[in-house]
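Atoms within each ligand, like the ligands themselves, are counted from 1 in listed order. Positions are given from 1, in the same order as the sequence printed here.
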Amino acid sequence: MMPNYKIPFLDLKAAQMELYESLEFAFENVLNSGLYILGNEVQLFENEFAVYCETDHCIGVGNGLEALHLILRAYNIGIGDEVIVPSNTYIATWLAVTYAGATPIPVEPDEHTFNIDPLRIENAITPRTKAIIAVHLYGHPAHMDPINDIGKKYGLKVIEDAAQAHGALYKGRKTGSLGDAAGFSFYPGKNLGAVGDGGAVTTNDVELAEKIRILRNYGSRIKYHNELQGFNSRLDELQAAFLRVKLRHLDEWNARRKIIADQYIGQLANTMLIMPHVVSWTEPVWHLFVVRHPEREKLQEWLNEAGINSMIHYPIPPHLQPAYADLGYRNGSFIIAEQMASSVLSIPIGPHLTQVQASEISNACLNFNIGKQASF
Ligand SMILES: *Cc1c(COP(=O)(O)O)cnc(C)c1O
């Protein structure tokens, strides 16, 4: 059983309740349409999300992992190839590379921004390198200009993992439009979340878009004519209908997240918490609010006792997961990722967290620091 927290980490149900009638209407529309796979809703959502992301194309797929996987497949990246990935990301970024048959090559992040450090990328490039996946971790855009420069210099594809960054801006431009192609996830807890699984690829590359449309649908453009050994990874028609409703609220909900983030930044300055760093040329969308603290476990326990549910993103970096034991990395292989894993803590943030709740969370954090000083 999950303990009953006074303040949950993220109130997912509240998001659906706010839009209940519109979602119900969307549901009935699909039921009555008679089209349940790749119908009008998927097509309309693709058009609307491409406009939102400022890209020429959007292709709806099964989930975020599949979005990244299909991009790699469509670029013919596979066995014998290497793809540069952050050492401190959610494991899905790595799994997409593995699914394609290629090898993930970890590069450490900048410890202030949590995002892949462009200055460390060139050292990791070999003759086998085919692509770089930059993750906009926690909703903060990665530093794409130098990454794109490296991509050009070495002839590498630059792929954005935008699963946590719907609507974030880098130098005024939308994430999802900043590289050769981007993968989005609509997992319910993401900033734009479905009522189940979903994902999308955005790109300005018309050939890539066409190939992913084929790959997601059994390698077929015309029914029962199979050009490629494809997959079954389509954005579900019902989820597309729900996503169309929720997309209309994305900017407003991201703005609510920002109000909470600004409040935390104001209330928690001058404490022992290391606060998230906002790069001046970015507008993050605060998918998570991640602080660092040398005594992270004690802080989490303290918040638990106050009825506040915090989480750790992520407790074990991919290179130390049993799933990647075959790559032969050890403790110490990627020190920055390991230090992050042992010190980060995500405190609640979301469009349905109230400012009163956020103050309560801030106060609990402030009291933790006071309690600590008294015990020295
Ligand atoms: C959620 C997430 C994914 C995977 O998305 P799914 O839809 O769950 O497959 C990939 N990368 C990052 C960074 C994520 O946060």
Side-chain angles (χ1 to χ4, degrees), residues 9-10 12 45 49 58-73 83-100 104 106-107 109 113-116 131-142 144 147 158-168 175-176 178-179 181-202 212 216 231-236 238-240 242-243 246 254 257 284-290 311-319 321 323-324 337 340-341 344 346 349-350:
F9 183 70
L10 178 66
L12 271 181
F45 174 73
F49 198 60
C58 167
I59 307 98
V61 298
N63 53 60
L65 171 56
E66 279 294 292
L68 296 169
H69 169 226
L70 293 179
I71 293 168
L72 295 167
R73 290 271 180 179
V83 176
I84 290 172
V85 294
S87 56
N88 64 323
T89 179
Y90 180 55
I91 197 167
T93 316
W94 289 41
L95 288 174
V97 177
T98 308
Y99 274 18
V107 166
T113 67
F114 299 114
N115 277 324
I116 194 167
I132 304 165
I133 305 182
V135 181
H136 306 305
L137 200 66
Y138 310 146
H140 294 254
M144 294 305 292
I147 297 172
V158 174
I159 299 163
E160 301 171 75
D161 179 342
Q164 304 188 354
H166 319 67
T175 54
L178 304 169
F184 282 92
S185 164
F186 307 122
Y187 179 80
K190 307 289 165 136
N191 290 43
L192 178 59
V195 191
D197 275 312
V201 174
T202 55
I212 289 176
R216 76 170 171 184
F231 303 86
N232 176 356
S233 183
R234 302 166 295 216
L235 176 61
D236 185 79
L238 255 183
Q239 298 306 334
F242 294 144
L243 287 166
K246 298 183 87 175
N254 279 343
R257 288 174 184 270
V285 287
W286 299 105
H287 174 59
L288 296 170
F289 194 92
V290 178
M311 292 184 76
I312 296 167
H313 298 93
Y314 300 91
I316 305 168
H319 72 276
Q321 296 282 5
Y324 278 111
M340 304 230 146
V344 291
S346 308
I349 193 164

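- The nearest pair of heavy atoms linking Val285 to Gly167 is CG1-C, 3.5 Å.
- Remark: of the listed residues Val135, Val344, Leu288, Val344 is the sole one forming a side chain to side chain contact (heavy atoms under 4.5 Å, CB included) with Phe114.
- Polar contact with ligand 1: absent for Thr89 (N/O pair, distance under 3.5 Å).
- Heavy atoms of Glu66 found under 4.0 angstrom from ligand 1: none, in either backbone or side chain.
- Note: no N/O pair closer than 3.5 Å links Tyr187 and ligand 1 by distance alone.
- Residue contact check: Ala163 has heavy atoms under 4.0 Å from atoms 2 (C), 3 (C), 10 (C), 11 (N), 12 (C), 14 (C), 15 (O) of ligand 1.
- Remark: minimum distance from atom 13 (C) of ligand 1 to any protein heavy atom is reached at Asp161 OD2, 3.4 Å.
- Within ligand 1, the atoms closer than 4.0 Å to a non-hydrogen atom of Ala92 are 3 (C), 4 (C), 10 (C), numbered from 1 in the order shown.
- Checked against a 6.0 Å centroid threshold, the rings of Phe186 and Phe45 count as neighbours.
- With ring centers used as reference points, Phe184 lies under 6.0 Å from Phe49.
- Near Asn63, with a cut-off below 4.0 Å to any heavy atom, the atoms of ligand 1 are 7 (O), 9 (O).
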Evaluation steps, side chain to side chain contact (heavy atoms under 4.5 Å, CB included), between Leu72 and Ile159: CA-CA 9 Å; Leu72 295 167; Ile159 299 163; 3.6 Å; yes

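- Listed by number with element, the atoms of ligand 1 under 4.0 Å from a non-hydrogen atom of Gly64 are 5 (O), 6 (P), 7 (O), 9 (O).
- For Tyr187 and Tyr90, the gap between ring centers reaches or exceeds 6.0 Å.
- Annotation for ligand 1: atoms under 4.0 Å from non-hydrogen atoms of Val135 are 13 (C).
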Stepwise side chain to side chain contact (heavy atoms under 4.5 Å, CB included) check, Tyr99 with Leu68: CA-CA 10 Å; Tyr99 274 18; Leu68 296 169; over 6 Å; no

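- The shortest N or O to N or O distance between Ser185 and ligand 1 is below 3.5 Å.
- Remark: minimum distance from atom 9 (O) of ligand 1 to any protein heavy atom is reached at Leu65 N, 2.9 Å.
- Between His313 and Tyr138, the gap from one ring centroid to the other reaches at least 6.0 Å.
- Annotation: atom 2 (C) of ligand 1 to nearest protein heavy atom, Lys190 NZ, 2.6 Å.
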